[in-house]
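The next block holds one structure in the form of structure tokens; read it before the comments.
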Amino acid sequence: MDLWAEVVKERAGNRCEYCGKTDRLNSHHFYSRSKLSTRYDPDNGFCLCVAHHTFSSGFSAHKTPSEFVDWAKDKRGMVWYTLLRERANTVAKNTAKF
């Protein structure tokens, strides 16, 4: 997951995609990590500062999820949303051997 998080941050220019801050950045999964088909898909990630990821009560991916979804659709477009939703709803098997 660390590589995925770094790719998401790098694709965003190491800035919060909502406010542009460059410190205390998190990589947020649009679709849950439990969706194996999109778990490591960079298109499923947003780079957000800690406030816009979890802490802000005004806009936060976790505290105001419906507002986040609306914002994400506006930012990336409906084609992105539709294609990612299709991939997220595809069954993927975990083939990791332990």
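Numbers here are sequence positions counted from 1.
Taking all atoms of both residues into account, the shortest heavy-atom contact from A12 to C47 is CB-CB, 3.5 Å. The minimum heavy-atom distance linking A88 with K35 is given by the pair O-CD, 3.2 Å. Taking every heavy atom of both residues into account, G45 and V8 meet most closely at C-CG1, 3.7 Å.
Judged purely by atom type and a 3.5 angstrom limit, S56 has no side-chain atom pairing as donor or acceptor with the backbone of H52. The main-chain N or O of R87 is found under 3.5 Å from a side-chain atom of S37 such that the two form a donor-acceptor pair. Side chain of H53 to backbone of H62: no donor-acceptor contact under 3.5 angstrom is found.
In this view, E86 and T82, L83 satisfy the side-chain contact (heavy atoms from CB on, under 4.5 Å) rule, not counting sequence neighbours.
To the nearest 0.5 angstrom, N44 atom CG is 11.0 Å from S27 atom OG. Distance CG/D70 to OG1/T64: 10.0 Å, rounded to 0.5 Å.
Counting only N and O atoms by type, the side chains of N26 and K9 include no donor and acceptor under 3.5 Å apart.
The residue from R33, H29, R39 that alone fulfils the side chain to side chain contact (heavy atoms under 4.5 Å, CB included) condition with W4 is H29.
No more than 12 heavy atoms of other residues, nucleotides or ligands lie within 6.0 Å of CD in E10, so this atom counts as exposed by the packing criterion. Atom CZ of R24 is surrounded by 12 or fewer heavy atoms from other residues, nucleotides or ligands within 6.0 Å.
Looking at heavy atoms from C-beta onward, E17 lies in side-chain contact with R76 at the 4.5 angstrom threshold.
Hydrophobic cluster membership of L25, counting Ile, Leu, Val, Met, Phe, Trp and Tyr whose side-chain heavy atoms lie under 4.5 Å apart directly or via other members: none, as it forms a cluster of its own. Through direct or indirect side-chain contacts shorter than 4.5 Å among Ile, Leu, Val, Met, Phe, Trp and Tyr, Y81 is connected to Y18, F30, Y31, F46, L48, F59, F68, V69, W71, M78, W80, L84.
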- Task: Could you give me the CA-CA distance, side-chain angles and deciding distance for N14 and K21, then say whether side-chain contact (heavy atoms from CB on, under 4.5 Å) is met?
- Result: CA-CA 8 Å; N14 291 300; K21 287 185 181 176; over 6 Å; no

